[in-house]
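Only one structure is covered here, and it is reproduced in the block below.
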Amino acid sequence: MRLEFLQRTFWAATQQDLDCFVIDNNGFILISEMSQEVGRFLGEVDGALMTQLLSMGVFSQVTMYDYQAMCKLQNHHPSAARPLVSPVSALLTATRWLVNELLLFLLEWSAWGSWHVDRGAEAKAVFHHSHKHKKQDTLQPCDTEYPVFVHQMAIRETNGVIECGACQKIFVMQQIPNSNLLLLVTDTTCDCSIFPLILQEATEVKYNASVKCDRMRSQKLRRRPGSCHAFHPEENAQDCGGTSDTSASFTLLLLPLCAWVLPPQLLW
């Protein structure tokens, strides 16, 4: 069944003055009246409803770990002063600056010629833009943890009232038969924005010295196989591709040269 057909059928069978969601067993929205909510986690859209489902035991939180994550490298300079630069680092910085200036000079006045002035100016702007945004955050390997929410299959349907200060929000939850999907229906008259959103953000795991040593000991180094199995008796070598027989086309090799020699008026 296509998702578009399921959505049309769903909205035809429900009242449009209610907030209706179809979510999976991990709390991600599959069907919503707002298209921008589809694919997002329910806690990011309705924190009050997800908080209530957690407190009632409809969903349980499980902590997952990512042992191959990348985190930003934290700078540990206590003062705002710039750290000391070694002579070698200063020399490399100066050399890099000179090379950049030389490239800019060549883009303007070298072999591009007078009829390449527009292209040279465009290349200069692109070079300036890329050079300006070249600096990126330094990343390093790390371990992160993030919450995952799982539906408890024992609770197939429930309802409740969420106290939102000046009003009450009523909701109904029911599992869709023969699926891992849940139907959630709430009213739209009560504003429950006082509840914080529930996010699935990953946070870096900080280890102390002893735990960090244990983690490093437990990590097994990857090793290559002791032998290479490049052939199988039931394999027909004639079925393999012939990419090694591919040769370069002489015509394609001449195209860049023609694009360089011909006037730009003929190329446009």
Side-chain angles (χ1 to χ4, degrees), residues 1-7 9-11 13-72 139 141-165 167-207 211 215 218:
M1 181 183 296
R2 296 178 60 86
L3 180 60
E4 294 81 1
F5 176 76
L6 180 60
Q7 287 178 337
T9 306
F10 177 76
W11 294 121
T14 57
Q15 299 181 6
Q16 297 302 310
D17 57 344
L18 299 174
D19 280 340
C20 300
F21 301 100
V22 173
I23 64 176
D24 64 4
N25 58 322
N26 293 119
F28 287 91
I29 300 175
L30 298 182
I31 298 179
S32 173
E33 187 176 5
M34 308 296 292
S35 59
Q36 63 270 20
E37 296 177 352
V38 176
R40 298 175 59 187
F41 178 61
L42 179 63
E44 299 177 0
V45 176
D46 194 332
L49 182 56
M50 193 65 197
T51 301
Q52 186 69 15
L53 294 176
L54 285 171
S55 64
M56 297 174 64
V58 178
F59 281 87
S60 61
Q61 179 176 336
V62 180
T63 302
M64 301 292 291
Y65 295 90
D66 185 0
Y67 298 110
Q68 297 180 341
M70 300 294 291
C71 301
K72 293 182 180 180
L139 302 178
C142 65
D143 295 346
T144 59
E145 62 180 9
Y146 56 95
V148 174
F149 301 89
V150 181
H151 170 234
Q152 299 302 306
M153 299 296 295
I155 304 179
R156 298 182 178 274
E157 58 179 308
T158 186
N159 59 79
V161 177
I162 305 174
E163 298 290 341
C164 299
C167 60
Q168 295 179 337
K169 185 174 185 178
I170 304 174
F171 74 93
V172 176
M173 185 278 293
Q174 186 172 13
Q175 182 177 1
I176 300 177
N178 302 322
S179 72
N180 66 330
L181 305 180
L182 302 174
L183 172 64
L184 290 172
V185 180
T186 65
D187 59 16
T188 60
T189 58
C190 184
D191 182 14
C192 291
S193 58
I194 59 174
F195 283 83
L197 300 179
I198 300 178
L199 307 178
Q200 290 185 304
E201 296 180 346
T203 57
E204 183 179 359
V205 180
K206 298 292 186 179
Y207 299 107
V211 177
R215 282 280 296 115
S218 62

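Everything quoted here is computed from the prediction, not taken from an experiment.
To the nearest 0.5 Å, the span separating SG on C20 from CG on L184 amounts to 9.5 Å.
Within the 4.5 Å cutoff, the side chain of I170 has no heavy atoms near those of the N159 side chain. The shortest side-chain heavy-atom distance between I198 and E44 does not fall under the 4.5 Å cut-off. Looking at heavy atoms from C-beta onward, D143 lies in side-chain contact with Y207 at the 4.5 angstrom threshold.
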_Step-by-step salt bridge (Lys or Arg N to Asp or Glu O under 4.0 Å) determination, D19 to K169_ = CA-CA 11 Å; D19 280 340; K169 185 174 185 178; 5.3 Å; no
*Going through the distances and angles, do Y146 and Q200 end up as a side-chain contact (heavy atoms from CB on, under 4.5 Å)?*
CA-CA 6 Å; Y146 56 95; Q200 290 185 304; 5.7 Å; no
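Taking all atoms of both residues into account, the shortest heavy-atom contact from V161 to F171 is N-CE2, 4.2 Å. Between T144 and C71, the shortest heavy-atom contact is CG2-SG, 3.8 Å. The two residues C192 and I162 come nearest to each other via the heavy atoms SG-CG2, 4.5 Å. The two residues E37 and F21 have their closest heavy-atom pair at OE1-CE2, 3.4 Å. In terms of heavy atoms, E204 sits closest to C142 at OE2-CB, 3.9 Å. Considering all non-hydrogen atoms of both residues, R156 and M173 come closest at O-SD, 4.0 Å.
C167 pairs with C190 as a disulfide, the SG atoms being under 2.5 Å apart.
A donor-acceptor distance shorter than 3.5 angstrom exists from the side chain of Q175 to the backbone of S179, with no hydrogens or angles considered.
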Side-chain donor-acceptor distances from residues 22-31 under 3.5 Å, at least two apart:
unit_1 : atom_1 : unit_2 : atom_2 : d
D24    : OD1    : N26    : N      : 3.1
D24    : OD1    : G27    : N      : 3.0
D24    : OD1    : F28    : N      : 2.8
N25    : OD1    : N180   : ND2    : 3.0
N26    : ND2    : F149   : O      : 3.0

Show which side-chain atoms of residues 52-64 pair as donor or acceptor with protein atoms under 3.5 Å away, not counting sequence neighbours.
unit_1 : atom_1 : unit_2 : atom_2 : d
S55    : OG     : T51    : O      : 3.4
S55    : OG     : Q52    : O      : 2.8
S60    : OG     : Q152   : NE2    : 2.5

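Sorted pairs that involve residues 176-199 and meet ring pair (Phe, Tyr, Trp, His ring centres under 6.0 Å), not counting sequence neighbours, are lacking altogether.
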